[in-house]
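We count residues from 1, following the sequence as given.
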Amino acid sequence: MFSGEESLIVLNDSEVAIKIRTGREVREVSRDEAAGVLRELGAIAMRYDSTVLELNEAVHLPEDVTVEPVRPGSSDGLSILRHSTSHVMAHAVKELFPEAKVAIGPSTEDGFYYDFDIDRAFTPEDLQRIEEKMKEIIGRDSPFVRRVLPRQEAIELFEKMGEPYKVEILREMDDDEVSVYEEGGFTDLCRGPHLPSTRYIRAFKLLSIAGAYWRGDEKNKMLQRIYGTAFEDRKKLKEYLDFLEEVKKRDHRRLGRELDLFSINEDIGPGLILWHPNGAVIRKTMEDFWREEHLKDGYQLLYTPHMAKLDLWEKSGHWDFYRENMYSPMEVEGADYEIKPMNCPFHIAIYKSALRSYRELPLRYAELGTVYRYERSGVLHGLFRVRGFTQDDAHIFCMEEQMEGEIQRVLDFTLFILKTFGFESYDIYLSTRPEKFVGTPENWDRATGALKAALEHKGLDYEIDPGEGVFYGPKIDIKVKDSLGRPWQCSTIQVDFNIPERFDITYRGADGREHQPIMIHRALMGSLERFFGILIEHYAGAFPLWLSPVQIGIITVAERHVGYAEEVKRGLENAGIRCEAFFDNEKVGYKVRQATVRKVPYSVIIGDRETESGRLTVRKRSGDNVGPYGLSELITWIREEIESRSLTPRL
């Protein structure tokens, strides 16, 4: 294996055609030798001029160019590996189930999938059979061979093969020529690139089966999707499978049931959340914290209706740009009304309810506003994708010269809120103008410049996310990383020159003239439902004390200890500490297990000694015991931990 620490190696002094760069080192080789040398270096492909190519394409490159090896464990390498594995999976399915029609099979961030049209439902046993057949195909060491065909010839080929989904794709393409790949007798429509041969697939696993509408359109036929993953070696695959097991343990839907936090009832409707008492306590705690901090930071709190006349959404631009995510209007006394997907037009109406002066600006409005979005049933997912949710929404009306300072202030506030909930690792993205937008490019540039300047002033690293702004303005997106390192989109800060113009909102300037304010849209948690789901999985349901629905459990040894236990419970509850009594006639070990399964942070076990001495030993959720404490001393410790919103036990 070639090392970047070695000195320059020239394999062929004559006919030097390609330079292979690995780190700081360069090998100079002839075109014919390049593929072999790249394989020596552990490459499965090569990168030339920002394009990833297959190794055998080296012979077609111009002379005196530089290429870099693409190894299986790199981002590009994993994409090639996984896409090639999806082809092998489709090959295996066709050998086992010849009647199956193949649709599409791309690589994904963590693996791959392939969609199939087949009359029977795939079973877990079928996955095992498909895996075994894949291993057999991989063992044949068949090369992936690329052929370029005229598009019409490719259509005729796939018509003859009886693959209508490939034919549909081809008929919609504009290309005169297309590429197909053959491997061991299996032919697929694909742009590539692919592995040199099937033997390069060393570690893969099929994971699950799901339904998927053809092209994501619920009007089309439902297909069966098989998900899988592949890695460069078995160690990486095992690490990922172990990670998936941990993800399953933390699944907020399972923990939501086990901890009695929330539910979704089909009689009420999919995507609509019922908050149970335990979940509602956590939500109230989150909301109280949110309101308290917003009032400290100079915001004014609002409440607005759940519906409004359709004219409002037409004026705001939502009806034109967001209609597919809105519900059908309802007629009320001859006028069309729309259930709200956003809060911003209501906040504008409150702004416009009085004449505004520059002395009032910046004006910061905040609302925990419940909105409704039409999400297709196929994408609904627990708390993460719902139809009704509450945004921690706010809108700041300011003068242009205040804009950058307000963005900086929002950034500080956002990171404080996220840190308090336990998120200190995050990625920041600056999303720029999309293809469809309102307003002028000049205003977009000014808004984007203000966001960029604020990020740089705060010394925050960020990436540009081109074309991902909303229709009315650019934005900053903050993706937090949970305890498993998974990114979650939560916070967003958007600058808007356009909606203030549409609604003709103004303020009286120091010059006595009317001016248009800038509007900053921002949400810190995003939606309470989704943020709560993230918190459940981040903490695996073991919330820090300040968020826990039950903060301390009171466990009695015998019935004779109930009297003193009730005194302890009253004292704790009078101090504002959430308690639960485990006084039933069961063994102590059973009651301790109950509290542990319910992830109660602290418990006190009250027996003869505690009743006689008035001293309490505290059992932590981890199983460790601390104390003993007198009741007043215990209350002081617990109150300090709650009020500080500590993420780690203080006792």
Side-chain angles (χ1 to χ4, degrees), residues 255-256 258-261 275-289 292 420-422 535-536 539-651:
L255 289 171
E258 292 177 1
L259 301 177
D260 198 22
L261 300 173
W275 293 76
H276 293 205
N278 285 340
V281 166
I282 300 175
R283 173 169 175 157
K284 179 183 181 300
T285 305
M286 293 166 63
E287 290 184 356
D288 289 347
F289 166 63
E292 175 187 326
T420 303
F421 283 108
L535 283 176
I536 294 171
Y539 289 112
F543 299 103
L545 184 71
W546 74 282
L547 285 172
S548 293
V550 176
Q551 294 167 326
I552 186 163
I554 316 297
I555 298 172
T556 53
V557 174
E559 189 173 351
R560 64 181 179 275
H561 305 125
V562 170
Y564 178 61
E566 287 178 339
E567 287 182 31
V568 171
K569 183 171 181 287
R570 278 195 300 274
L572 290 165
E573 288 177 335
N574 288 340
I577 297 167
R578 298 190 287 270
C579 301
E580 182 168 349
F582 294 84
F583 295 171
D584 45 322
N585 189 23
E586 299 283 356
K587 292 182 178 180
V588 173
Y590 173 80
K591 290 189 275 191
V592 169
R593 283 195 297 276
Q594 273 189 309
T596 301
V597 167
R598 295 177 63 177
K599 303 183 187 294
V600 177
Y602 295 125
S603 298
V604 293
I605 301 173
I606 297 177
D608 290 338
R609 183 175 58 187
E610 289 76 21
T611 302
E612 293 166 6
S613 68
R615 306 285 288 174
L616 303 169
T617 296
V618 180
R619 186 182 191 276
K620 299 166 70 172
R621 185 161 48 199
S622 63
D624 298 330
N625 290 332
V626 292
Y629 298 104
L631 180 57
S632 61
E633 187 182 5
L634 176 60
I635 288 172
T636 298
W637 274 104
I638 291 179
R639 288 300 314 164
E640 286 178 356
E641 185 174 332
I642 293 170
E643 289 167 7
S644 68
R645 299 188 179 94
S646 174
L647 302 176
T648 56
R650 294 168 66 89
L651 290 180

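By the 6.0 Å contact criterion, CG on Asn574 is enclosed, its count of non-hydrogen atoms from other residues, nucleotides or ligands being greater than 12. In this structure, Glu559 places its CD atom where only 12 or fewer heavy-atom neighbours from other residues, nucleotides or ligands lie under 6.0 Å away. Counting non-hydrogen atoms of neighbouring residues, nucleotides and ligands closer than 6.0 angstrom, the CZ atom of Arg609 reaches no more than 12 such neighbours.
How far CD of Glu573 is from CD of Glu580: 10.5 Å, rounded to the nearest 0.5 Å. Of the inter-residue distances, the one linking Thr596 atom OG1 with Arg598 atom CZ reads 11.5 Å to the nearest 0.5 angstrom.
Although no hydrogens or angles enter the test, the distance criterion places no donor-acceptor pair under 3.5 Å between the side chain of Lys569 and the main chain of Ile554. The backbone N or O of Thr420 sits nowhere less than 3.5 Å from a side-chain atom of Arg645 that would complete a donor-acceptor pair. Between the side chain of His561 and the backbone N or O of Thr611, no donor-acceptor pair lies under 3.5 Å. For Ser548 (side chain) and Phe543 (main-chain N/O), a donor-acceptor pair under 3.5 Å exists by modelled atom type.
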TODO: Tell me, with the steps shown, if Val557 and Ile606 meet side chain to side chain contact (heavy atoms under 4.5 Å, CB included).
DONE: CA-CA 6 Å; Val557 174; Ile606 297 177; over 6 Å; no
- Message: Pair Lys587, Arg593 - check side chain to side chain contact (heavy atoms under 4.5 Å, CB included), show working.
- Response: CA-CA 10 Å; Lys587 292 182 178 180; Arg593 283 195 297 276; over 6 Å; no
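Counted by atom type alone, Glu612 and Tyr564 present zero donor-acceptor pairs between their side chains at under 3.5 Å. For the residue pair Ser603/Lys620, the side-chain donor-acceptor check at 3.5 Å is not satisfied.
In this structure, Trp637 and Tyr629 have tilted ring planes: the angle between them lies in the 30° to 60° band. Between Phe421 and Trp546, the two ring planes are tilted [angle within 30° to 60°].
Among residues two or more places apart in sequence or in another chain, the side-chain contact (heavy atoms from CB on, under 4.5 Å) test is passed with Ile577 by Gln551, Ile552, Leu572, Ala575, Cys579, Ile635, Ile638, Arg639, Ile642.
Residues Lys599 and Arg621 form a side-chain contact, since some pair of their non-hydrogen atoms from C-beta on lies under 4.5 Å apart. A heavy-atom distance below 4.5 Å is found between the side chains of Glu641 and Tyr602. Counting heavy atoms from C-beta on, the side chains of His276 and Leu259 never come closer than 4.5 Å. Side-chain contact check for Arg619 versus Val604: every heavy-atom pair is 4.5 Å or farther apart.
Of the residues Ile605, Val626, Asn625, the one that meets the side chain to side chain contact (heavy atoms under 4.5 Å, CB included) test with Val618 is Val626.
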